[in-house]
Amino acid sequence: MILENLKLPYIPSERPVKVLFVCLGNICRSPAAEGMMKETVKEHHASHDWEIDSAGTASYHAGDLPDSRMRTHALRRGLVLDHICRKVKPSDYEKFDLIIGMDDANISDLVDRAPSPDLEKKIVRMADFFSPNSSYDYVPDPYYEGAEGFELVLDLLADATLNLFDTVEAVRGKK
Ligand code: 4NP
């Protein structure tokens, strides 16, 4: 689904678009978003046009693979999550065209650390890409939840990654 009213000022048309998914720990939601987005892009034969990464606002788990529960749930959907956890760094704001936070705390942390007001415009919410009939307006942290929390995250990400792909490709086509 193409989401018409989103402001995405930095989407390039002449080179691959660079997208960074961000959550708190970078072991559950954002590496799952990264893995799912890479799969979506691959299915559309567009991998050469997208650069996709993820990072966390905290560094508790730097160097770790994604949470084993998230890897298990993702694998059931055919996704192998092999991202190595890292913290968001200042150069990410220059490098990436879109910096996508999973919840409002991620967004406010990202905004606080933005090196300039212009670069702050790259920050968007993952929920901005949910289909309009979604009953959620953020991607909830599954860390202290059971299996259903991880499944919910993957369901929300499946919807958002597809709409993100369609919307960015539409913006690029118009430029
Ligand atoms: P994430 O989940 O932000 O989706 O990676 C969390 C992972 C770890 C912690 C909190 C949330 N933690 O407190 O260690």
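The shown structure was predicted, so the numbers you read here are calculated from the model rather than taken from an experiment. Atoms within each ligand, like the ligands themselves, are counted from 1 in listed order. Heavy-atom basis, side chains included; hydrogens, waters and symmetry copies ignored. Residue numbers count from 1 along this sequence.
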* To do: Please check if the side chain of Tyr93 supplies one atom and the backbone of Ile123 the other of a donor-acceptor pair under 3.5 Å.
  => no
* Considering residues at least two apart in sequence or located in another chain, which fulfil the side-chain hydrogen bond (donor to acceptor under 3.5 Å, both in side chains) criterion with Ser131? -> Asp159, Asn163
* To do: Would you check ligand 1 and list the protein residues that come within less than 4.0 Å of it by any heavy atom, ordered by chain and number?
  => Cys23, Leu24, Gly25, Asn26, Ile27, Cys28, Arg29, Tyr60, His61, Asp141, Tyr143, Tyr144
* Flag, side chain of Asp109 to backbone of Asn106, donor-acceptor distance under 3.5 Å -> no
* Do any pairs count as a side-chain hydrogen bond (donor to acceptor under 3.5 Å, both in side chains) and have a residue in residues 16-34, sequence neighbours left out, and if so which ones? -> Asn26-Ser30, Asn26-Ser54, Asn26-His83, Arg29-Asp103, Glu34-Lys38, Glu34-Ser54, Glu34-His83
* **Residues which pass side chain to side chain contact (heavy atoms under 4.5 Å, CB included) with Asp118, listed by chain and number, not counting sequence neighbours** => Tyr10, Ser116, Lys121
* Cation-pi check, Arg71 to Phe150: give yes when NZ or CZ is under 6.0 Å from the six-membered ring centre and within 45° of the ring axis, no otherwise. => no
